[in-house]
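Accompanying notes for the structure given below.
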Amino acid sequence: MKRWLERVSGALPVYAWLPLAAAFAWNMLVYNGVRLINADRTYYNLASGLDEKIPLISGFVVIYILAFVQWIIGYVLAGREGREFCFQYVGADIVAKTLTCICFLAVPTMLPRPELTGGGLMNGLLSLIYRLDAPNNLFPSIHCLESWFCLRTAWKLKKVPGWYRVGTSVMTLLVFASTVCLKQHILIDIPGGILVLELGLLLVKPLRVDRLLQSGADWFAGLVDRWSGKVC
C-alpha cells in the first residue's frame with residue numbers, strides 16, 4: 001500500500017488531491033444542480049444575428065471532445081506545480097464556478113439545436129453530444145472557462161516546455177471556436193467564460209478560498225499519513 005501511495009503521489013502530490021476533487025465535485029454540482037432548480041423556469045435565447053451566420057461545422061466535434069483531455073492535463077499540471085500555485089488557481093476555479101452558478105440562476109439561457117442531416121462519424125458524435133448535454137446552462141461557457149484555465153496556468157507553469165504553452169493556447173482557441181461552430185454556445189458565452197475565471201483569480205485571495213483549500217489539504221494529507229501507516 002505504501003508503494004502504491006508513493007507512485008500515485010509521484011504523479012499528483014497528496015496536497016492536490018482534495019482541492020482538485022473539490023473543484024470537480026463543485027463543477028458537477030453547479031452544472032447539474034442548477035438544471036434541477038431551473039427545470040420549470042423560462043429560458044432565454046440570447047443569440048444575435050452574427051451567431052445565426054456562423055455555420056454548423058460538425059468536424060469541430062473532435063476538438064470539443066478533446067477539450068476534456070486538455071482539462072485533465074491542465075488541472076493535473078496545475079496541481080503538480082506547487083502548493084501555493086495549486087491552492088490559488090484551483091481556488092480561483094471554484095470561485096469562478098460559483099459566479100457561473102449565479103449567472104445560470106439569474107439568467108437561464110438556452111439555444112435551439114439545428115437539425116442534423118446526413119450520416120457520418122462527425123454527425124454521429126455530435127448527435128450523441130446533443131443527446132447527452134441539454135442545450136441550457138450556456139452563459140458563461142464552462143467549456144471555455146476550463147480551457148481558459150488551462151491557458152492561463154500554462155503560461156505560469158515553470159515545469160513545462162515552451163511547446164506545451166503554445167499548444168495549449170492554440171487548443172484553447174480551437175475549443176472556443178468549437179463551442180459556437182457546433183451550436184453548443186453563442187459568441188457572448190466565450191468572453192463570459194473568460195471573465196468569470198479572471199474574476200475568480202482576483203477574488204480567490206480576498207475571499208481566502210486558497211487558505212481554505214490549504215487547510216483542507218493539510219488535514220487530508222495528515223489523514224492519508226495516518227491511514228497509510230496503519231495499513232502498511
Report yes or no: do [X] and [Y] belong to one cluster of Ile/Leu/Val/Met/Phe/Trp/Tyr joined by side chain heavy-atom distances under 4.5 Å?
X    : Y    : result
V14  : F24  : no
L212 : L201 : no
W17  : M28  : no
M110 : L36  : no

Show the nearest heavy-atom pair for residues [X] and [Y], with the distance to one decimal.
X    : Y    : answer
L126 : S58  : CD2-CB, 4.2 Å
V160 : A154 : CG2-O, 4.1 Å
V204 : A92  : CG2-N, 3.6 Å
A23  : V90  : CB-CG1, 3.8 Å
G74  : F149 : O-CE2, 4.2 Å
V196 : G193 : CG2-O, 3.3 Å

CA sep, side-chain torsions, deciding dist, call: F60, T179, side-chain contact (heavy atoms from CB on, under 4.5 Å):
CA-CA 8 Å; F60 267 105; T179 62; over 6 Å; no

Yes or no on side-chain contact (heavy atoms from CB on, under 4.5 Å) for M171 and L66, after CA distance, side-chain angles and deciding distance?
CA-CA 9 Å; M171 180 63 181; L66 286 178; 3.6 Å; yes

Distance-only donor-acceptor check, side chains [X] and [Y], under 3.5 Å:
X    : Y    : value
Y43  : N38  : no
Q70  : T172 : yes
S169 : R165 : no
T168 : W155 : no

Backbone of [Y] reached by a side-chain donor or acceptor of [X] within 3.5 Å:
X    : Y    : result
W26  : A21  : no
R113 : Y130 : yes
Y15  : G82  : yes

So do [Y] and [X] actually touch side chain to side chain, heavy atoms under 4.5 Å?
X    : Y    : value
I73  : Y164 : yes
I142 : N137 : no
K158 : F85  : no

Set of residues satisfying side chain to side chain contact (heavy atoms under 4.5 Å, CB included) with respect to L187, sequence neighbours excluded
L50, D51, I54, V180

Separation of [Y] [atom2] from [X] [atom1] (nearest 0.5 Å):
X    : Y    : atom1 : atom2 : result
N123 : L56  : CG    : CG    : 7.0 Å
L125 : I65  : CG    : CD1   : 4.5 Å
S215 : L18  : OG    : CG    : 10.5 Å
N136 : F104 : CG    : CZ    : 8.5 Å
Y75  : C86  : OH    : SG    : 11.5 Å
S127 : M122 : OG    : CE    : 13.0 Å

Co-members of Y44 in a cluster of I, L, V, M, F, W and Y side chains, linked at under 4.5 Å
L46, V107, L111, L138, F139, I186, I188

Would you please test L132 and L128 for side-chain contact (heavy atoms from CB on, under 4.5 Å) and show each step?
CA-CA 6 Å; L132 295 176; L128 177 62; 3.9 Å; yes

Salt bridge [X]-[Y], side-chain N to carboxylate O under 4.0 Å:
X    : Y    : result
E146 : K97  : yes
D133 : K183 : no
R152 : E198 : yes
D218 : R83  : yes

Are there more than 12 heavy atoms of other residues, nucleotides or ligands under 6.0 Å from atom CZ of R35?
yes

Using a 6.0 Å cut-off, check whether atom NZ of K205 has over 12 heavy atoms from anything other than its own residue.
yes

Under the side-chain contact (heavy atoms from CB on, under 4.5 Å) criterion, do F87 and V209 qualify, and how do the steps go?
CA-CA 8 Å; F87 301 144; V209 177; over 6 Å; no

Can you list everything that forms a ring pair (Phe, Tyr, Trp, His ring centres under 6.0 Å) with F68? Sequence neighbours excluded, please.
W71, H143

Test applied, side chain to side chain contact (heavy atoms under 4.5 Å, CB included); reference residue, F176; option that passes from I194, D189, I63
I194

